Amino acid sequence: MALPHLQLEVVGDERFDLPVQGLELICDVFVRTARLSSPWHDGFHFVHAGSGSLTHLCQFIAPPLPTVSAAAPRASGARHMTALLASQVAGITSIGLLTHERAASVYEAGRLTWSEIL
């Protein structure tokens, strides 16, 4: 993958065996990790587009910044800017964000393509 990433430190006893396959099992992991009280709630989680498997949890990602000559992208907040820039990286199909306020956003090819309060 061309997107630089590092595992964030997760303190606690709960562990997940990766990869996780199947929509129901992946959704279960997402529900369990989405709680603010979960040590797994921070960072980005990766789902492989080809296999549909959850492959990574709690990743810090570092998408490349656009060149000076490129038009500056616009996004509100660090997570949204990170998602927007990461969605431009070769091999990345889309980036989704979900807040604890249930606001969901999807970025594809450097554009916000969907946003909704669930």
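Quantities reported herein were computed from a predicted structural model and do not represent experimental measurements. Computation of the quantities below employed the complete heavy-atom set of this structure, encompassing side-chain atoms and omitting hydrogens, waters and symmetry-equivalent molecules. Index from 1, following the sequence.
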> Can you hop from I61 to V47 via hydrophobic side chains spaced under 4.5 Å?
no
> If I take atom CZ from residue R79 and atom CG from residue L98, how far apart are they, to the nearest 0.5 angstrom?
9.0 Å
> Compare all side-chain heavy atoms of S53 with those of V20 and state whether any distance is below 4.5 angstrom.
no
> Can a donor-acceptor pair be found between the side chains of S94 and E108 at a distance below 3.5 Å?
no
> At what distance, to the nearest 0.5 angstrom, does CZ of F30 lie from CG of L25?
12.0 Å
> Determine the minimum heavy-atom distance between A103 and I117, stating which atoms define it.
CB-CD1, 3.5 Å
> Using the benzene-type ring in the case of Trp, are the ring centres of H5 and F46 under 6.0 Å apart?
yes
> Measuring only between side-chain heavy atoms, which start at C-beta, is L54 closer than 4.5 Å to P19?
no
> Determine whether F60 and L57 fall in the same hydrophobic cluster, where Ile, Leu, Val, Met, Phe, Trp and Tyr are linked whenever their side-chain heavy atoms lie under 4.5 Å apart.
no
> Is there a continuous path of hydrophobic side-chain contacts, each under 4.5 Å between heavy atoms, that joins M81 to V106?
no
> Taking all atoms of both residues into account, what is the closest heavy-atom pair of C58 and H45, and its distance?
N-ND1, 3.0 Å
> So, taking the atom named OG1 in T33 and the one named CG in D42, what distance separates them when rounded to the nearest 0.5 Å?
11.0 Å
> So for atom CD, which belongs to E14, do other residues, nucleotides or ligands contribute more than 12 heavy atoms lying within a distance under 6.0 Å?
yes
> Are the side chain of S38 and the backbone of W40 linked by a donor-acceptor contact shorter than 3.5 Å?
yes
> Within a radius of less than 6.0 Å around CZ of R102, do more than 12 heavy atoms belonging to other residues, nucleotides or ligands occur?
no
> If you compare all heavy atoms of L8 against all heavy atoms of G43, which two are closest, and at what distance to 0.1 Å?
CD1-CA, 3.7 Å
> Report yes if the side chains of L85 and L65 come closer than 4.5 Å at any heavy-atom pair, otherwise no.
yes
> Taking all non-hydrogen atoms of both residues into account, name the closest pair between G52 and I26 and its distance.
O-CD1, 3.0 Å
> Between R35 (side chain only) and R32 (backbone N and O only), is there a donor and an acceptor less than 3.5 Å apart?
yes
> What's the separation between atom CD1 in I92 and atom OH in Y107, rounded to the nearest 0.5 Å?
15.5 Å
> Any idea which heavy atoms bring S105 and H80 closest together, and the distance?
OG-CE1, 3.4 Å
> Return the OG1 to CD distance between T55 and Q21, rounded to the nearest 0.5 Å.
10.5 Å
> Do you know which two heavy atoms are closest between L118 and A104, and how far apart they sit?
CD1-CB, 3.9 Å
> Is there a donor-acceptor contact under 3.5 Å from the side chain of S87 to the main chain of G110?
yes
> Would you give the length of the straight line joining atom CG of L97 to atom CD1 of I95, rounded to the nearest 0.5 angstrom?
8.0 Å
> Kindly work out whether a path of hydrophobic side-chain contacts (I/L/V/M/F/W/Y, heavy atoms less than 4.5 Å apart) joins V10 to F44.
no
